[in-house]
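Scroll down for the structure; my scribbles are underneath it.
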Amino acid sequence: MKSSRRQILGGVGAIAASGVMTKARAAMGEVSLARLAQAKGVRFGAVAGIAKGGLHDWLMAGLLSTECAIVVPENEMKIYALRPEETGAFNFAPGDEIVAFAQTHTLAVRGHNLLWAKDKYLPKWLLAHDFGPRPKVAAEAFLRDHIARVCAHYGDAIVSWDVVNEAIDEKTGALRDTLFMRLLGQDYLRICFEAAREALPHTQLVYNDYMGWGGNNGAHRQGVLDLMHWFRDQKVPVDALGVQGHIGTEASGPAPTDGSAPDSLAWTRFLDANVAQDYGLLLTEFDVNDRKFEGDITARDAAVAHSGRAFLDVMLNYKQLKDVLCWGLCDRYSWLQSTTPRVDGARLRPTPYDEDFKPKPLRTAMADALRAAPQR
Ligand code: XIL
């Protein structure tokens with residue numbers, strides 16, 4: 001379908017006989033997830049990261065270009081990565097490299113993110129910055145300037161932006177205590193979306209968060225829903241809700257140990273209430289955390305596939321859901337390996353491809369979910 005695959009396979013002829021290559025070829029023999037999704041009016045994709053995401057590993061790059069129609073940078077467009085130095089100077093190079101990769105392989109690009117509302121993920125210099133005698137004015141000017149410059153740099157190369165990420169405190173459902181909340185109050189959220197809309201009149205603008213369907217996510221869901229209502233009431237230009245979909249990772253809910261699906265009624269009520277306000281839906285960061293799953297690899301993979309399929313079925317049932325992206329296509333480069341390691345020390349298996357780029361039952365479950373999904 002894409003020249004990328006030919007180029008990648010052709011360029012590595014010398015090692016084509018290796019075992020890893022054979023496995024990669026086997027995986028690539030399937031109809032791609034992008035094609036299965038496209039047949040239903042859905043765009044399938046995944047995170048592409050340079051530093052941690054393996055984009056410089058040709059097998060990873062090959063997998064992304066083969067399976068995906070859209071990619072999203074893992075960290076490269078976050079403020080702390082774009083502007084690491086106290087001078088505030090921009091380093092667009094890593095983000096540009098991901099956009100160039102996508103363009104070479106005719107993949108669309110999502111932007112992630114213009115503001116991550118967690119102090120942990122703001123640069124230290126920004127947290128320590130003196131906003132002067134009129135801090136509200138200076139803070140608003142900083143936000144507007146940052147967003148305008150990032151949006152202008154990427155322009156139409158990015159089809160959809162996570163404008164604000166994770167503004168709700170998962171435990172209370174209240175707005176999270178974060179730098180711009182302290183400086184500007186809730187209005188910082190309006191400012192972010194307005195600045196993005198001003199720069200990009202036609203780009204999809206998304207509020208992205210990790211409220212989940214499991215455990216005690218009720219407060220988080222309610223907080224996000226209240227925020228989505230507030231956006232509408234205040235005429236803030238938000239087009240869609242990004243559901244991260246880190247199944248089993250949701251901090252406030254116990255992870256199931258066997259892949260069983262939680263009661264999805266509260267979840268569908270939450271999604272219904274969002275789409276009733278005419279929001280689009282995206283699944284932005286899907287993975288299935290098996291940190292608490294028991295048994296051998298076969299049992300764990302089956303549980304991952306089972307809970308992943310259950311969640312995808314619920315999500316794909318919404319015709320407003322037009323994008324499905326995995327936060328990691330391959331276990332080797334999943335962020336969860338370092339973020340939530342298993343107590344038994346075994347490697348996690350949260351993505352559709354294993355450490356050797358071999359497709360796993362989750363990949364089959366995803367393909368089946370896409371085949372079963374209603375057309376949009
Ligand atoms: C994660 C990255 O994968 C890690 O490499 C990084 O250290 C921290 O951030 N929700 C998000 C993503 O919106 O940006 C996070 O990505 C995962 C959770």
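The basis for the numbers below is simple: all heavy atoms, side chains too, and nothing from hydrogens, waters or symmetry mates. Just follow the structure's listing: the first ligand is 1, and inside any ligand the first atom is 1.
- A 6.0 Å sphere centred on CG of Asp296 holds more than 12 heavy atoms belonging to other residues, nucleotides or ligands.
- Checked for salt-bridge contact, Arg182 and Asp177 meet the test: a charged N lies under 4.0 Å from a carboxylate O.
- Ring centroid separation for the pair His146 and Phe90 comes in under the 6.0 Å cut-off.
- The ring of His220 has its center closer than 6.0 angstrom to the ring center of Tyr210.
- Between Asn217 and Trp267 the shortest side-chain heavy-atom distance does not fall below 4.5 Å.
- For atom 9 (O) of ligand 1, the closest heavy atom belonging to the protein is Lys78 NZ, 3.2 Å.
- Ranking protein heavy atoms by distance to atom 5 (O) of ligand 1, first place goes to Asn75 ND2, 3.0 Å.
- Heavy atoms of Trp116 found under 4.0 angstrom from ligand 1 belong exclusively to the side chain.
- Salt bridge Arg176/Glu170: absent, no basic N to carboxylate O contact under 4.0 Å.
- Scanning the protein for heavy atoms near atom 3 (O) of ligand 1, the closest one is Glu74 OE2, 2.5 Å.
- Atom CD of Glu355 has more than 12 heavy atoms from other residues, nucleotides or ligands within 6.0 Å.
- No N or O atom of Tyr121 sits closer than 3.5 Å to an N or O atom of ligand 1.
- The ligand atoms of ligand 1 that sit less than 4.0 angstrom from a heavy atom of Asn165 are 11 (C), 13 (O).
- Of the protein's heavy atoms, Glu285 OE1, 3.0 Å lies nearest to atom 11 (C) of ligand 1.
- Checking Lys52, Gln244, His246, His112 against atom 12 (C) of ligand 1, the nearest heavy atom belongs to His112.
- At a heavy-atom distance under 4.0 Å, no atom of Asn113 approaches ligand 1.
- Close N/O approach between Glu166 and ligand 1 is found [any backbone or side-chain N/O within under 3.5 Å].
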